[in-house]
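Worksheet: one structure, shown below.
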Amino acid sequence: MAAGTLTWCRFKDEASQLLRHSERIKDGWEWTEVEVDQAGGSFLVKKDVVRPTSERVCVKNCVPLDDTDVLDVEGSMEEADINTVQCEVKETQYYRYQYHVLYSTSYCVPVLYFIASRPDGSLASLDEVWSSVPASFQSRLQDDRWTFLTQQEHPVLGCPMFQLHPCHTATMMQPLMQETQDEEMGSYLVSWLSTVGPVVGLNLPLSYAHIGHVT
Amino acid sequence: MDIHCIVNSNRYKNCSDWRRFGPNTMADDREVLRELWDGRLPIKFNLAADEVASMEHPEPCYLLVPRQSYFPLVADKVQRYFLKYTANSQGEEMWLEYEGQPLKWHYPIGVLFDLHASSTMLPWSLVVHFQKFPEDELLHCPGKDAVESHFMSSVKEADTLKHRGQVINGMQKKDHKQLWMGLQNDKFDQFWAINRRLMEHGEENCFKHLPFRLYQADKPCIQRLFRPITEEGEQRLLGDLVREVAPQVFNTEVEDTSGSWKVVIQGVEPPMETPVQWLSEHFSYPDNFLHICLVNSR
């Protein structure tokens with residue numbers, strides 16, 4: 001096995017460790033089997049993660065509160081323009097995320113896929129997803145925009161999803177895995193997911209840090 | 001019948017004994033590469049009838065497009081031409097449909113044709129839409145950057161399978177650019193000057209794994225790890241691959257599929273005895289994947 005990669009067997013083992021812990025703390029990870037016995041044919045899913053996304057600024061007509069006269073219904077239509085003021089209101093939108101963790105047989109690493117839906121159920125665009133990437137990551141990723149986060153076909157389900165591109169994962173994981181290689185085998189999956197997940201709003205509770213350690 | 005098919009189908013019929021030939025050198029079969037690169041499809045584009053907002057229905061428009069290319073790279077003209085006949089003021093994204101099937105822009109045009117329309121009359125007749133983008137089926141294409149990104153990530157993945165990514169990662173950024181520009185501008189020499197390095201194989205005379213994707217209509221495509229030689233060092237053949245990945249093709253006991261499958265690559269039905277290593281080197285699309293279409297010929 002090349003440095004920084006993991007096998008399908010280890011992926012499955014670590015996924016079941018993760019699922020056992022998730023069951024205990026009830027944070028909603030599930031295992032989806034589509035092509036049983038096929039490397040990469042099953043994957044981890046976490047649904048219904050609601051997170052505030054883009055603060056949308058909308059302009060609203062407001063009635064000045066101290067001027068009670070304008071609340072008079074009669075004739076207020078004509079006067080509306082004069083008696084209301086336009087104010088900018090910041091509206092936080094809540095998007096519903098769904099995350100899939102798959103295994104790439106080409107790169108021998110886990111890959112994070114996700115979709116985000118708007119409050120009305122329609123799918124969020126790539127720009128909207130980018131706008132909710134925390135600012136600290138944004139500036140660093142700007143140059144690699146097209147090699148980091150793109151829309152791709154889900155390899156098992158065939159539907160469009162966003163993907164964090166796997167081609168740098170092994171390089172990133174190499175030093176992390178070297179440190180934990182010997183006595184305490186840390187969980188590759190947890191180390192990786194807690195590193196890349198926060199970029200797109202997926203945060204693992206700290207208690208996951210213990211699950212990889214052999215006791 | 002696909003023009004390309006007529007040109008090429010006879011050439012490969014009588015080469016059943018390739019297992020003995022061993023690895024061909026690239027130069028011998030350069031003509032095959034050129035022939036496939038030059039494959040073109042005549043396409044007729046019609047604006048969806050319910051999206052016409054002008055008094056007159058626009059005339060269809062025709063293009064001869066490279067099989068190796070992608071629709072967003074060739075359909076600028078189509079978009080400009082039809083846009084004035086629609087009520088599309090929002091600048092909604094254009095998408096294409098063939099007989100009710102939305103077409104995935106991120107597949108090479110030749111793959112889309114082989115998969116959905118290989119028995120159709122030419123020109124291939126497509127419907128152009130500017131409304132109701134089917135976002136649960138199609139990826140958005142925000143521009144040519146998206147096509148480039150998709151293309152390059154396929155090339156990278158293919159090289160990861162073939163050479164653990166060592167060739168593509170050893171190249172300079174300008175080489176990557178040259179691959180992309182070669183494809184975008186339809187320049188065979190420019191493209192192959194770089195691509196030949198991605199097709200080299202080491203002492204084993206074959207790639208580590210074979211970058212392939214196998215398609216069937218209405219199903220997600222299949223991609224598996226597949227080694228181009230057996231443990232005894234013998235070349236594995238197209239038939240071996242199909243038998244492993246899509247056994248239904250050979251399963252004549254199942255009623256609805258009895259002997260009715262065609263295996264189409266680049267518009268051609270290569271013999272099942274063709275070594276997959278040779279196919280990978282010569283029949284791959286520019287993204288370095290061998291795109292294999294299973295077509296039900298009933």
Side-chain angles (χ1 to χ4, degrees), chain A residues 1-5 7-8 34-35 37-41 43 98 102-109 111 113 115-118 120-130 143-171, chain B residues 92-93 95 102 104-107 132-166 168-169 173 176 180 208-213 215-226 244-245 288-289:
Chain A
M1 243 19 238
T5 63
T7 60
W8 166 241
V34 180
E35 292 172 71
D37 299 334
Q38 203 52 246
F43 49 90
Q98 185 177 131
L102 278 83
Y103 179 77
S104 161
T105 50
S106 303
Y107 290 103
C108 304
V109 296
V111 192
Y113 287 80
I115 41 171
S117 19
R118 302 186 187 114
D120 66 358
S122 60
L123 293 175
S125 69
L126 183 61
D127 281 343
E128 285 170 287
V129 169
W130 263 111
D143 290 343
D144 297 319
R145 224 178 137 94
W146 284 112
T147 51
F148 177 71
L149 174 63
T150 51
Q151 205 186 17
Q152 296 278 344
E153 198 175 320
H154 190 291
V156 181
L157 303 177
C159 58
M161 282 185 106
F162 296 111
Q163 182 213 49
L164 294 190
H165 203 268
C167 72
H168 300 302
T169 304
T171 322
Chain B
E92 272 186 81
E93 197 173 331
W95 58 281
K104 295 178 175 176
W105 63 263
H106 63 291
Y107 292 180
K132 297 187 193 123
F133 189 90
E135 59 179 5
D136 49 349
E137 283 186 74
L138 299 186
L139 306 183
H140 284 286
C141 182
K144 288 184 181 165
D145 281 353
V147 187
E148 180 178 358
S149 143
H150 192 89
F151 171 75
M152 284 315 300
S153 76
S154 282
V155 175
K156 266 185 207 165
E157 183 172 352
D159 196 57
T160 304
L161 289 164
K162 290 194 278 192
H163 311 109
R164 302 174 194 273
Q166 284 160 356
I168 191 80
N169 292 332
K173 226 172 184 137
H176 293 180
W180 165 245
K208 186 165 174 286
H209 291 108
L210 183 85
F212 79 94
R213 290 188 181 130
Y215 303 85
Q216 283 168 269
D218 306 324
K219 284 190 183 164
C221 75
I222 302 176
Q223 189 181 329
R224 305 257 170 88
L225 289 184
F226 188 85
E244 184 169 315
V245 179
N288 276 252
F289 269 87

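Naming convention: chains lettered A, B, ... in sequence-line order (proteins, then strands); numbering from 1 in each chain.
- Residues satisfying the side chain to side chain contact (heavy atoms under 4.5 Å, CB included) test with B:Ser154, not counting sequence neighbours, are B:His150, B:Arg213, B:Asp287, B:Phe289.
- A salt bridge links A:Arg118 and A:Glu128; the closest N-O separation between the charged side-chain nitrogens and carboxylate oxygens is under 4.0 Å.
- If you measure heavy-atom distances from B:Lys219 to chain A, you find no contacts under 4.5 Å at all.
- Residues meeting the side chain to side chain donor-acceptor pair (under 3.5 Å) test with B:His106, sequence neighbours left out: A:Glu153.
- Rounding to the nearest 0.5 Å places NE2 of A:His165 at 11.0 Å from CG of A:Leu149.
- Annotation: residues 158-166 of chain B contacts chain A through B:Thr160, B:Leu161 [non-hydrogen atoms, separation under 4.5 Å].
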Identify every side-chain donor-acceptor pair in residues 133-144 of chain B under 3.5 Å, counting partners at least two apart or on other chains, and give the distances.
unit_1: B:Glu135; atom_1: OE2; unit_2: A:Leu123; atom_2: N; d: 3.3
unit_1: B:His140; atom_1: ND1; unit_2: B:Glu93; atom_2: OE1; d: 2.8
unit_1: B:Lys144; atom_1: NZ; unit_2: B:Asp76; atom_2: OD2; d: 3.1

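- Residue contact with chain B, scored on non-hydrogen atoms closer than 4.5 Å, is absent for A:Ser104.
- For A:Pro166, no part lies near chain B; criterion is any non-hydrogen pair under 4.5 Å.
- Using a 4.5 Å cut-off between heavy atoms, A:Glu35 touches chain B through its side chain atoms alone.
- Heavy-atom pairs under 4.5 Å with chain A were tallied for B:Arg224, B:Lys104, B:Gln223; the largest tally goes to B:Arg224.
- Side-chain atoms of A:Tyr103 never come within 3.5 Å of backbone atoms of A:Phe43 as a donor-acceptor pair (strictly under, hydrogens ignored).
- Taking all atoms of both residues into account, the shortest heavy-atom contact from B:Val155 to B:Ile168 is CG1-CD1, 3.7 Å.
- With 3.5 Å as the limit, one finds a donor-acceptor pair spanning the side chains of A:Asp120 and A:Ser122.
- For a residue to count as touching a neighbouring chain, one of its non-hydrogen atoms must lie under 4.5 Å from one of that chain's; by this rule A:Ile115 does not touch chain B.
- Note on ring orientation: taking the six-membered ring where Trp is involved, the planes of B:Trp180 and B:Phe151 are tilted (angle from 30° to 60°).
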